[in-house]
Amino acid sequence: MDDDMEVIESVTEDEPEDDDLTAQTVLLAMEEAWLNEKFAPEILPHQSDLVDCMFQQITHMEDNMKRLEKGDLRLMVHRMELDRIKFVVSSYLRARLEKIEKYTVHILAQETKRPREECYLTPAELQFAKEFLANIEVLFRKAVLQYMPGPFQAFEVNKLLVKPNMHAYVFLRANQKIEGIVLPGSLDQEVNFEPGSQHIIQYSAVANLVKSGAVQLI
């Protein structure tokens, strides 16, 4: 990956060398955010800063491609790396939308309890969730409730509540030394993680560690 990024960024020769490291670092962070979102049962705090940086990188790379002559080998390398970046970003956003659609009521209920600066959803995702729930209500009223007896025609949103399975097992790698992780279902049984060690454990035991970056889902 590093070699590809160095080739890509060297298209513009007057660009500082630090930009190569920045592009590689942001892409790695984006890939980690994608894997966490993919494997975590709940929706995680949004990484809009990373997504915005990746969109800027995509634009930058597409501009560089326009400067290359047709048949230039760097053009093929550039296109392959660009496609990979687009895949990671789109997969990350798609994973979040799928969770919003599946756990709409639960996610909206949780968002109302959080301060604005600690919300998990972006403004666009929040708007999408509200509109999605409103569309479900319209569908239920037209396709189901209108054919029910009067007392049963009320739309009860809580009956659509689906919660993520926080007790699902996840596979992770520890990014640092972590001590005293209490195993779910036990009162005093604890485990310690060493840097680089890999574990299978219930998500509820490490949910906060995932969000803080102390562990990486894989």
Side-chain angles (χ1 to χ4, degrees), residues 1-68 72-100 116-125 170-179 181 193-199 201 203 206-218:
M1 180 183 72
D2 292 349
D3 292 340
D4 288 345
M5 291 301 288
E6 289 172 1
V7 172
I8 291 169
E9 296 302 327
S10 65
V11 173
T12 305
E13 296 180 354
D14 59 351
E15 198 167 307
E17 293 182 359
D18 289 345
D19 286 349
D20 290 347
L21 179 60
T22 299
Q24 295 165 15
T25 302
V26 175
L27 178 56
L28 178 60
M30 186 73 251
E31 290 176 338
E32 292 174 348
W34 163 50
L35 291 175
N36 279 340
E37 196 66 65
K38 179 179 179 180
F39 294 122
E42 65 170 338
I43 197 165
L44 301 176
H46 63 82
Q47 300 293 332
S48 55
D49 289 344
L50 288 177
V51 173
D52 290 342
C53 286
M54 285 292 92
F55 280 140
Q56 292 175 12
Q57 179 68 8
I58 289 172
T59 300
H60 172 67
M61 293 170 67
E62 290 176 338
D63 290 341
N64 281 348
M65 291 175 63
K66 296 176 182 178
R67 303 172 189 171
L68 298 175
D72 192 318
L73 180 60
R74 291 176 297 174
L75 188 61
M76 181 180 68
V77 176
H78 206 157
R79 171 55 64 184
M80 290 174 60
E81 188 65 16
L82 182 61
D83 289 344
R84 186 167 72 93
I85 293 174
K86 287 183 177 180
F87 170 79
V88 171
V89 175
S90 63
S91 295
Y92 170 77
L93 296 176
R94 184 168 58 250
R96 292 183 62 81
L97 287 179
E98 288 175 353
K99 289 180 181 179
I100 292 173
R116 177 172 298 182
E117 63 275 10
E118 297 178 8
C119 286
Y120 284 14
L121 304 184
T122 65
E125 288 174 336
V170 294
F171 189 33
L172 61 83
R173 179 182 63 250
N175 293 330
Q176 61 191 53
K177 183 177 180 63
I178 307 170
E179 298 181 344
I181 300 174
F193 291 170
E194 295 296 328
S197 61
Q198 299 181 1
H199 308 268
I201 192 171
Y203 178 76
V206 296
N208 290 333
L209 298 177
V210 172
K211 296 166 188 174
S212 70
V215 301
Q216 170 69 49
L217 299 185
I218 54 179

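We count residues from 1, following the sequence as given. Bear in mind that the values here come from a model prediction, so they are computed numbers and not experimental data.
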**Q** Could you go step by step and tell me if Val210 and Val215 meet the side chain to side chain contact (heavy atoms under 4.5 Å, CB included) rule?
**A** CA-CA 5 Å; Val210 172; Val215 301; 3.7 Å; yes

**Q** Can you find a heavy atom in the side chain of Ile100 that is under 4.5 Å from one in the side chain of Leu121?
**A** yes

**Q** Taking C-beta and beyond as the side chain, do Leu27 and Arg84 meet within less than 4.5 Å on heavy atoms?
**A** yes

**Q** Just by modelled atom types, is the Val51 backbone N or O under 3.5 Å from a matching donor or acceptor in the Tyr92 side chain?
**A** no

**Q** Give a yes or no on whether a salt bridge exists between Arg173 and Glu32, defined as a side-chain N under 4.0 angstrom from a carboxylate O.
**A** no

**Q** Specify whether Trp34 and Phe87 have parallel, tilted or perpendicular ring planes, treating 30° as the upper limit for parallel and 60° as the lower limit for perpendicular.
**A** perpendicular

**Q** Distance from Lys86 atom NZ to Glu81 atom CD, nearest 0.5 Å?
**A** 12.5 Å

**Q** Could you grab the distance from atom OG of Ser197 to atom CD of Gln176, nearest 0.5 Å is fine?
**A** 11.0 Å

**Q** Could you tell me whether Arg79 and Asp83 have a side-chain N and a carboxylate O separated by less than 4.0 Å?
**A** yes

**Q** Taking only residues two or more places apart in sequence or in another chain, which ones pass ring pair (Phe, Tyr, Trp, His ring centres under 6.0 Å) with Phe39?
**A** none

**Q** Roughly how far, to the nearest 0.5 Å, is CZ of Phe171 from CD of Gln216?
**A** 11.5 Å

**Q** Given side chain to side chain contact (heavy atoms under 4.5 Å, CB included), test Leu172 with Leu209 step by step and report yes or no.
**A** CA-CA 10 Å; Leu172 61 83; Leu209 298 177; over 6 Å; no

**Q** Which atom names give the shortest non-hydrogen contact between Thr122 and Ser48, and what distance separates them?
**A** CG2-CB, 4.1 Å

**Q** How long is the straight-line distance from SG of Cys119 back to CD of Glu125, given to the nearest 0.5 Å?
**A** 11.0 Å

**Q** Once salt bridge (charged side-chain N to carboxylate O under 4.0 Å, His left out) is applied, what residue pairs with a partner in residues 35-56 remain, sequence neighbours excluded?
**A** Glu37-Arg96, Glu37-Lys99, Glu42-Lys211

**Q** Does the side chain of Ile85 come within less than 4.5 Å of Met61's, by heavy atoms?
**A** yes

**Q** Could you tell me whether the side chain of Ser212 and the main chain of Asn208 form a donor-acceptor pair under 3.5 Å?
**A** yes

**Q** Restricting to non-hydrogen atoms, name the atom on Leu217 and the atom on Leu35 that form the minimum distance, rounded to 0.1 Å.
**A** O-CB, 3.7 Å

**Q** Out of curiosity, Ile218 CD1 to Asn36 CG, how far, rounded to the nearest 0.5 Å?
**A** 10.5 Å

**Q** Calculate, to the nearest 0.5 Å, the distance between atoms NE2 and SG belonging to His60 and Cys53 respectively.
**A** 13.0 Å

**Q** If we check side-chain contact (heavy atoms from CB on, under 4.5 Å) with Val26, which of these qualifies: Gln56, Met54, Glu31?
**A** Met54

